[in-house]
Each structure stands twice: as structure tokens, then as C-alpha cells.
Engineer: 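Have a look at this one before I ask anything.
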Amino acid sequence: MANATLDHMVSLTVFIAALLIFIGLFSSSIQTGLAYQRHTALSTKTSDLLDTLLLNPGLPENWGQTDGKPVSFGLQDPEFTQYKVSSYSPMRLTSTTESSVYFSATNAYYSNLTAGFGGYLLTSNANNINYSTASKLLGINGTYGFQLTLSPTITISIQKTSTGTPLKLLVNAAGTGYPFANAALSCSLILVNRDASDYPSYSIFNRKETADEAGFKELTFNGINGETEAYALIVYTYLNGLKGVGYYVHTPQTYKSIVPIVDGFADRRILLAHSDAVGENFHLPTSQISYNASFVILTEEYTLRVVNLEQPQATGTLNSGQSYTSIIVPSNEGILIVPYKDTAGEYGLVLMPWGLGSLGFTLIFGGNPAGQEWVTTDIRQVTIGNIAYQAKLNLWRLQPNGGIG
């Protein structure tokens with residue numbers, strides 16, 4: 001009798017242990033299944049949201065060329081279909097990776113989309129769309145966080161490889177993980193003229209080249225001193241329908257410069273500011289800078305055509321009595337070129353794209369995905385101003401244990 005009771009107790013213990021193990025395994029499977037379902041739903045949401053951004057222009061359709069807030073958010077070029085992004089709408093998105101720049105003359109901050117030395121893109125925060133506003137317009141505020149990146153599919157890097165004369169520049173064109181082998185290169189050297197004129201000018205030298213199998217090409221410009229001259233090189237590359245652009249700017253050691261600032265999209269108003277008045281450590285200009293602004297557009301032959309700005313303010317001087325002036329750029333996509341000269345006879349040159357793709361600038365907009373429980377990513381190939389871009393969207397839930405959205 002005692003043995004039977006003992007056997008019964010052992011059997012009951014084994015049964016309960018097996019039941020607990022089964023419940024634990026079943027609960028783990030349920031949790032894994034729910035997590036998989038949540039992640040799958042988030043992946044679908046990422047794809048849908050990316051298409052929402054890229055396949056509709058928003059309302060009004062031309063909001064990228066206005067100073068008002070849209071009532072619906074989208075980045076598609078309203079004059080085209082498919083994955084063609086507006087050149088102007090991305091310029092109105094506040095950068096979340098670079099600190100805004102303060103300009104004392106207007107007592108305002110400007111979003112910094114600048115890509116590197118000599119190429120400026122500062123846009124008014126007051127007229128821009130910030131991350132919070134975009135989230136509300138997309139209907140995901142408080143539910144999802146996102147980060148949108150628009151980056152050129154083809155990266156063009158340019159490096160000076162010489163000292164003195166002649167000037168030698170090494171160009172490298174690369175795709176996403178592969179060299180842009182044997183690609184055609186259209187190169188435009190913009191050289192600031194050193195003459196007795198009160199206002200600086202420049203000359204453009206165009207040439208066609210072909211990259212080698214590794215995507216490299218060294219350019220030699222005879223008679224040009226790479227140290228003392230002020231110049232810029234803009235390179236366009238194209239192969240099998242893909243187009244890319246890159247730039248390099250060199251100026252001698254100067255401490256003063258002209259800083260172009262986009263102050264209005266509706267009237268295409270650009271401020272030409274003395275560098276002394278820009279930034280947190282601003283002060284009244286202590287030196288005079290003369291400048292001579294013009295605009296260039298890309299031709300079908302991948303050369304630059306100059307458009308003279310028939311405005312009194314396009315040529316002038318900046319000093320303590322006038323720290324900035326304003327000009328109006330054409331409605332075409334293109335590049336603002338501003339050569340300048342200070343009182344010591346030092347020359348310089350700055351570029352500003354009118355249209356994000358004009359100089360192949362990159363935009364990163366939105367929150368920071370670092371540290372999130374689960375982040376899904378989707379990618380589309382798009383064009384911005386005929387330049388090939390990659391649009392990448394990172395998306396995550398702000399309520400990781402919430403329901404499936």
C-alpha cells in the first residue's frame with residue numbers, strides 16, 4: 001500500500017514538472033510568434049511609409065517651393081511619376097545630424113545641410129519642416145519613430161595629389177560596394193581669375209575623361225598652381241543610365257569668406273553673408289570682402305552654362321556697414337557660384353546648390369535609431385534632379401510592447 005502511494009506521488013510530481021516545462025515552452029513559442037508578427041508588421045509598415053514619402057508630392061504639390069507648411073507630407077516631384085524626388089522639398093527638411101547655424105543680422109537659425117568645405121546649404125528653420133511636424137503629417141506621431149536618408153548612389157571623391165604646378169586632382173567614382181568602372185567623366189574646373197578688377201571673376205575649363213577599371217582618373221591642369229590659386233572642380237559621371245556628381249573646392253589660407261544662406265523658397269531669396277556675422281561667435285565684420293555672384297546650370301552635354309544674375313546686388317562688397325546682401329536665383333536647378341576677394345588680395349570661392357541633387361548633397365532627417373529594441377529598414381532607388389540617389393528609411397515602434405500596427 002505504501003509503495004503504491006509513493007508511486008502515485010512520484011508520478012504526480014513528474015506530471016506536474018512535465019506540465020510546467022510544457023507551459024514554459026509553449027509560452028516561449030507564443031512570445032516568439034508574437035514578436036515575429038510584430039516585426040513582420042513593422043517591416044510592412046516601413047515599406048508602405050517609404051512609398052508614401054516617395055510616391056506622393058504632398059499638398060500643396062509645390063510645397064517645396066513655398067515658405068508655408070504643407071497639409072500633407074510627401075517628397076515626389078509633382079511633375080513626374082514613379083520614384084523621382086523633388087529637388088526642393090528635401091531642402092526644406094531640418095537636418096537632425098548637424099547643429100543649426102546662427103546668423104546675427106536676421107537673428108535666426110538655419111538648418112545646416114552643408115556637405116563639406118566650400119559647399120554651403122543653409123536653410124531657414126522658420127520655414128523648414130522639422131521631425132515632429134513630419135511625424136504628425138504622416139500620422140505616426142507617438143507610435144513610430146523614423147529616420148530618412150537620401151544619399152547619392154554614386155560617390156565621387158576628389159583629392160589633390162600635387163604640390164605647386166601643375167595642379168593634379170585624383171577623381172574616384174564608386175557605386176554602392178563596387179567601382180564605377182570605365183565610366184564617362186565630365187569635368188569642369190572653375191578657376192578664379194587674379195586680375196586688377198575690383199570684383200573677382202572666374203573661368204570654366206571643361207574636359208571629358210574616362211575612369212579606369214577601378215573608377216579612378218587623375219586629371220592634370222598645366223599652368224595652374226594648386227596652392228596659391230582659388231578653384232573648384234565639379235565632376236559628373238554617367239554609366240548605364242546612372243548619373244552622379246561630386247565637387248572639390250580649394251581656396252588659399254583665408255579667414256574671411258562669403259556664406260550663402262537660403263532665406264526664402266517662394267521668392268528664391270539667397271543671403272550673401274560676411275563670415276564674421278555667421279555662427280555663435282559672430283561679430284561685426286572687420287574686413288571688406290568683394291564678391292561677384294553668378295549661377296550655372298547643367299547642359300545636356302554635362303557642361304556648365306553660366307546664367308548672369310542681372311541684379312545690382314549680385315556684385316558688391318560686404319563690410320562692417322553691410323554684413324550681408326540678398327539676391328534672387330533662377331527657378332532652374334543649378335549651382336550658385338560666388339568668387340570673392342578680401343582687402344589683402346586673397347581670393348576664394350564658394351558653391352551652393354539650388355536643388356539637393358545639384359552637387360550630390362546627402363540628407364539625413366528624423367530621429368536616432370540607435371538603442372531601439374527593433375529597427376526595420378527598406379531602400380528604394382530614386383532620382384533627384386536626374387542624379388541617382390538611394391532613399392533609405394529606418395522605422396521603429398515608440399511602444400515596443402504595444403499592439404501590431
Side-chain angles (χ1 to χ4, degrees), residues 114-121 152 154-174 179-180 183-194 200-212 214-239 243-254 257-258 260 292-299 301-306 333-340 346-362 385-387:
T114 298
F117 178 78
Y120 291 96
L121 184 52
I154 304 165
T155 302
I156 297 180
S157 59
I158 304 172
Q159 179 182 3
K160 186 166 72 71
T161 57
S162 64
T163 301
T165 306
L167 168 64
K168 294 183 178 181
L169 297 169
L170 182 64
V171 178
N172 175 235
F180 216 49
L185 303 175
S186 182
C187 311
S188 296
L189 181 72
I190 304 169
L191 179 65
V192 178
N193 299 320
R194 289 179 174 270
S201 61
Y202 60 85
S203 301
I204 299 179
F205 303 93
N206 298 309
R207 59 195 292 183
K208 302 288 186 179
E209 300 288 350
T210 302
D212 62 19
F216 286 91
K217 179 64 180 180
E218 186 173 67
L219 308 177
T220 300
F221 298 94
N222 294 319
I224 297 177
N225 189 312
E227 315 308 315
T228 60
E229 302 291 345
Y231 55 86
L233 180 68
I234 300 177
V235 177
Y236 294 92
T237 184
Y238 41 95
L239 181 69
K243 303 172 184 177
V245 61
Y247 76 96
Y248 174 87
V249 175
H250 175 270
T251 62
Q253 186 66 35
T254 59
S257 67
I258 297 293
N292 186 9
S294 62
F295 194 81
V296 296
I297 59 176
L298 182 65
T299 68
E301 292 77 27
Y302 295 95
T303 58
L304 300 178
R305 180 165 66 86
V306 179
E333 299 171 33
I335 304 168
L336 178 68
I337 301 178
V338 188
Y340 59 86
E346 293 289 348
Y347 290 78
L349 176 71
V350 294
L351 308 176
M352 191 206 80
W354 183 244
L356 187 71
S358 297
L359 283 176
F361 277 23
T362 294
N386 293 322
I387 300 299

Engineer: On the 0 to 90° scale, with breaks at 30° and 60°, tag the Tyr302-Tyr238 ring pair as parallel, tilted or perpendicular.
Structural biologist: parallel

Engineer: My understanding is that only residues two or more places apart in sequence, or in another chain, count here; which of them pass ring pair (Phe, Tyr, Trp, His ring centres under 6.0 Å) with Phe295?
Structural biologist: none

Engineer: Main chain of Gly215, side chain of Asn172: is a donor-acceptor contact present, judged purely on distance under 3.5 Å?
Structural biologist: yes

Engineer: Holding to salt bridge (Lys or Arg N to Asp or Glu O under 4.0 Å), I want the full list of residues that pass it with Lys208, two or more places apart in sequence or in another chain.
Structural biologist: none

Engineer: What residues, two or more places apart in sequence or in another chain, satisfy ring pair (Phe, Tyr, Trp, His ring centres under 6.0 Å) together with Phe221?
Structural biologist: none

Engineer: List for me each residue that meets side chain to side chain contact (heavy atoms under 4.5 Å, CB included) alongside Gln159, sequence neighbours excluded, and say none if there are none.
Structural biologist: none

Engineer: When rounded to the nearest 0.5 angstrom, what is the spacing between CG in Leu304 and CD1 in Ile337?
Structural biologist: 6.5 Å

Engineer: Which residues pass the ring pair (Phe, Tyr, Trp, His ring centres under 6.0 Å) test with Tyr248, sequence neighbours left out?
Structural biologist: none

Engineer: Ignoring hydrogens and angles, tell me if any N or O in the side chain of Thr220 forms a donor-acceptor pair with the backbone of Lys168 under 3.5 Å.
Structural biologist: no

Engineer: Do side-chain atoms of Asn292 reach the backbone of Pro200 as a donor and acceptor pair under 3.5 angstrom?
Structural biologist: yes

Engineer: Quick check on side-chain contact (heavy atoms from CB on, under 4.5 Å): which of Pro260, Ser358, Pro353 does Leu121 satisfy it with?
Structural biologist: Pro353

Engineer: Return the set of residues passing side chain to side chain contact (heavy atoms under 4.5 Å, CB included) with Glu229 (not counting sequence neighbours), or none when no residue passes.
Structural biologist: Leu191, Arg194, Ile224, Asn225, Tyr231

Engineer: Indicate the atoms forming the closest heavy-atom contact of Ser186 with Glu301, along with that distance.
Structural biologist: OG-O, 4.0 Å

